[in-house]
Number of protein chains: 2
Amino acid sequence: MMEQIRKAITIHDVAAAAGVSVSTVSRVLNDKDDVAAETYERVQQVIAELGYASSLAARGMRSRRTNVIGLIMPDVAAPYSVAVLQGINRAIAQSDYDLIVYTNGDVRKNASAAQESYFVSLLNGSITDGVIVVTPVATNFSTAAPIVAIDPNNESPDCPAIISTNRDGALQAMNYLIGLGHRRIGFINGRSELVSASRRLRGYRDGLAAAGIPFNENLIEIGDYTTETARICTHRLLQLDDPPTAIFAANDQTAMGVYQAAQERKVLIPEELSVVGFDNLRESVFLNPALTTVDQFISEMGSIAVEMIVKLINGKTLETDLHKIQTQLVIRDSCKSFV
Amino acid sequence: MMEQIRKAITIHDVAAAAGVSVSTVSRVLNDKDDVAAETYERVQQVIAELGYASSLAARGMRSRRTNVIGLIMPDVAAPYSVAVLQGINRAIAQSDYDLIVYTNGDVRKNASAAQESYFVSLLNGSITDGVIVVTPVATNFSTAAPIVAIDPNNESPDCPAIISTNRDGALQAMNYLIGLGHRRIGFINGRSELVSASRRLRGYRDGLAAAGIPFNENLIEIGDYTTETARICTHRLLQLDDPPTAIFAANDQTAMGVYQAAQERKVLIPEELSVVGFDNLRESVFLNPALTTVDQFISEMGSIAVEMIVKLINGKTLETDLHKIQTQLVIRDSCKSFV
DNA sequence: AAGGATACCGGTAACGTTACCGGTAATGGT
DNA sequence: ACCATTACCGGTAACGTTACCGGTATCCTT
C-alpha cells in the first residue's frame, strides 16, 4: 500500500493520453467552444480516468484568474472567527468562487502590520483573485488585487471595509441597564489598542453621561476579550467595597468569565448581578441564564464581505467603501431591574 | 484613496531597485549564504520598502516546496470542524509550516469522492507540500504529495489516517447508562452512511447484548448529526407508549436537540430523562445540565494529523499508518440512576 | 608572482498553465 | 472550379520564481 508516489499528472499527460495537444486540453478545461464535440468527450474521459486536476498555481500565474477568494484571519478557531466564517461560507456556497483560508496558526495577540501585508501579497496576485482580511492592523496593502477588511483597526481605513456600530451597541446596552435602575455598572473592556474596544468604552461613558451618572474609574477593568482574564477582572470588581450591581462585558467571551466568577462567589445572575455581553455568539443562548447581549451580526459581516469582494473582482464599484452594520440589543434572561 | 491598482511587484522590480540580478534577490529570499552581507542588507531593505512578497504560486511551481500544509474540510464552521481546526492550528503554530484551509463552501451533506480528489490535486503539487483531509469519502488519491485523513469514511483506507475508537466509546456510554439501571435506552444516530455512525450503533448494540437487553427497533432513530433533526427524533421517541428513560445521542449536536425537545415537552433532564452525547465539544459544558459525553479528543486528532503530515513531507516513515485515538466517557450532570 | 581556492553574482532554463497566433481541412457560395 | 469563410487544433511565448551552471574578482598559499 501507499506506493502512490506516482508523479503528479499534468496537462501534458492528459494530452498524450488523449492524443491531442495541450492547447486542446486547456480549451476543454476552460470550456472554450473551439473544440469538436467528439474530442471534448474523449478528453473529458481521459481527465476522469487519470484523476487529473489542473495546477492552481500554474493556472493562476498564467491566466490571472483563479476563482478563489482568500481569507486571512489571526485565529481561525476563535468564536468570533467562526461566526465570520459561517457567513463567508454561506455566501461562498452561492457564488462561483472557492475559498482559501490562510493562517500561520499564530495566536499571539499582536500580529504585526508587516506580517499582514505579507500574507496579503502572498495570496493576492498568485492564487486568489481577492482577499478578505479580518481585524487587520494594517489597512494599506500593496497589491494589485482587491481587498476588503472586516472590523479593521483603523478609524479611517484606506481600503473598503465593514464595521459595526460599536459605540451605538454599547449605548443600547447601557440605556437598557440604566433603564432597569442600575447606577453602579461595571465595565470589562477588551484589549485597549483595538478600535472596537475603545468604541465600546465610548458608548459606556456616553451612556453614563446621558443619564447623569458620574464616571467611576474603579468600575472599569481592562481585559483582553478572553474568558480567563474576564474571570479575574470580575473577581476584582465584586470584591470592591461597593460592588457593581451590573456588569457590561465588552464581548460574550468576557461575559462567560463573569458567569464563572459569579458562580465561584455564589453570586446569583440575574438576581444579584445583571450581565450584558456583546457579539451574540451562538454559545450565548446556551449559557444559564441565557445571556442578554448586543448582536453585531458577525455572520452578516462575513457574507457582505464576500459580496463586496466579488463586485470588486469583477471591476464594479461599490456603493459605499465603508459598510456600517447596525448593532442591536438582544434581551434574554441575564438582567433584572435594580430597586 | 484606493488608487492602489499599482501592478503587483515582482522579484524583477526588487532586483531593479536594488541594482542586482533576480538570482541574487532569490538567494536573499531563501537565505542562501552565497551573498555578501552588504548586498543582503540592501536587498532586504528594498523588499521592506516595496512591501514585496514572493508569489506563492510561482515559488511552489518552481521549487516544489512551499512550506504550506493544506486542509480540506466540508464545512469549516461546523462545531466538529472547529474543534479539529483548533488542534491543527496549535500544531501549525509550533511548526515551520503555514496552513491553508480549502473549502468550496458546499455544505451539502454528501460531497462526492470525485470532488474530494479534485480538491486534493488542486492543492497538492502546486501550493501545498501535503494535505490533511477531514472525513473524506474517498481515500485513494492520485497525487505525488503526502496525504493524511482524519476520520475517513472507509474501514480500511489506503492512506495514513487517524480514527477514534467509536465503538468502544459508545460501549462506555452504554455501560454507564446500563450501570445506572436504565434498560430502555433510545439511540439517535448520525447519517447511516458514515462509518462513525455505524460504529457507534455497533457499540450501542454490543452494550445491550452484553447486558442481555433485547434490541428494540423502535428505540432507534436515524438522524443526521444536526440539532434540528435530533429535536424531531426526540419527540418521536418521547411520545412512544413506553418511552425511553435515557437517550444516547450519536454526537453532542444531537444531544442539544434532545435538550430542546425535552424542554418543549417539560421533560426534566436528568430527573426524567438521562442523556449522553458524543464528541465533548466545548459547548457541552455550557449546556444546562452539563452534558455527560464521550470525549473523542477531536483537537488531538488535528494536532496529530499535523505531526504525521510533517513527517511524511520530510520523507520519514510513520510508526503506524492507522493512528487510533482512545475515546473516554466524561461524566457530568445529565444522567441519573433509574430505579 | 603564479596558481588555485573562494566569495559573490548573473544568465539561462524550467516548473504547468493559458493567451495568442497561425495553419489545415472542410464547408459554403458563386 | 475557385475563393472565402468557418471549424478545429497545434505551436510558441509568457506568467514569477528557483536550480543550476558558469564567470569574474578577490584572497590565500607557497
Side-chain angles (χ1 to χ4, degrees), chain A residues 7-43 46-47 50 52-68 121-129 142-145, chain B residues 7-43 46-47 50 52-68 121-129 142-145:
Chain A
K7 195 165 162 313
I9 37 201
T10 75
I11 198 174
H12 287 96
D13 303 323
V14 176
V20 294
S21 73
V22 288
S23 308
T24 301
V25 178
S26 175
R27 269 189 289 263
V28 170
L29 286 172
N30 298 286
D31 273 330
K32 299 290 176 67
D33 47 2
D34 254 12
V35 46
E38 189 195 357
T39 314
Y40 183 88
E41 279 306 322
R42 184 155 34 106
V43 172
V46 171
I47 288 175
L50 297 182
Y52 164 78
S54 72
S55 156
L56 188 58
R59 181 146 45 96
M61 194 156 106
R62 181 66 246 250
S63 70
R64 257 82 246 301
R65 180 88 192 209
T66 58
N67 275 340
V68 175
S121 348
L122 195 61
L123 292 187
N124 247 345
S126 41
I127 53 182
T128 56
D129 295 339
S142 60
T143 168
Chain B
K7 194 166 163 309
I9 36 199
T10 75
I11 199 173
H12 287 96
D13 303 323
V14 176
V20 293
S21 73
V22 289
S23 308
T24 301
V25 178
S26 176
R27 270 188 289 262
V28 169
L29 286 172
N30 298 287
D31 274 329
K32 298 291 174 67
D33 46 3
D34 255 12
V35 48
E38 188 195 357
T39 313
Y40 183 90
E41 279 306 321
R42 183 155 35 103
V43 172
V46 171
I47 289 174
L50 297 182
Y52 165 78
S54 72
S55 155
L56 189 57
R59 181 146 45 94
M61 194 157 105
R62 180 65 248 247
S63 71
R64 257 81 250 301
R65 180 88 193 209
T66 58
N67 275 338
V68 174
S121 350
L122 195 61
L123 293 187
N124 248 345
S126 41
I127 53 181
T128 56
D129 295 339
S142 61
T143 168

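In what follows, chains carry the letters A, B, and so on, assigned in the order in which the sequence lines appear, proteins first and then strands, with residues in each chain numbered from 1.
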Is there a side-chain polar atom (N or O) of [X] under 4.0 Å from OP1 or OP2 of [N]?
| X | N | value |
| --- | --- | --- |
| B:T24 | C:dG10 | yes |
| B:S23 | D:dT18 | no |
| A:K32 | D:dC9 | no |
| B:Y52 | D:dT17 | yes |
| B:S55 | D:dG16 | no |
| B:S126 | C:dG16 | no |
| A:S54 | C:dT17 | no |
| A:T10 | C:dG16 | no |

Per A:M61 side chain, nearest of listed nucleotides D:dC15, C:dT18, C:dT17: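 Closest of the options to the side chain of A:M61: D:dC15.
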Whole angstrom is fine here: how far is it from [atom1] in [X] over to [atom2] in [N]?
| X | N | atom1 | atom2 | value |
| --- | --- | --- | --- | --- |
| B:R64 | D:dC20 | CZ | P | 13 Å |
| A:I11 | D:dC9 | CD1 | C1' | 14 Å |
| A:L50 | C:dG16 | CG | P | 15 Å |
| A:R27 | D:dC8 | CZ | C1' | 7 Å |
| A:D34 | D:dT6 | CG | P | 12 Å |
| A:Y40 | D:dC9 | OH | P | 13 Å |
| B:D33 | C:dA7 | CG | C1' | 10 Å |
| B:H12 | D:dT18 | NE2 | P | 11 Å |

Do [X] and [Y] have side chains that approach each other closer than 4.5 Å (heavy atoms only, starting at C-beta)?
| X | Y | value |
| --- | --- | --- |
| B:T10 | B:D13 | yes |
| A:V20 | A:V28 | no |
| B:Y52 | B:L29 | yes |

I want to confirm an ordering. Mapping A:A57 and B:A36 to their closest nucleotides on DNA chain C, which one lands closer to the 5' end?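 Result: B:A36.
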Could you verify whether a donor N or O on one side chain and an acceptor N or O on the other, from A:Y40 and A:D31, lie under 3.5 Å apart?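 Yes, side-chain donor-acceptor contact under 3.5 Å.
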For A:S26 and A:S23, test the side chains for any donor-to-acceptor distance below 3.5 angstrom and give the result as yes or no.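 There is no such pair between these side chains.
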Do B:R62 and D:dT18 have a side chain to base donor-acceptor pair shorter than 3.5 Å?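 Result: at least one qualifying N/O pair found.
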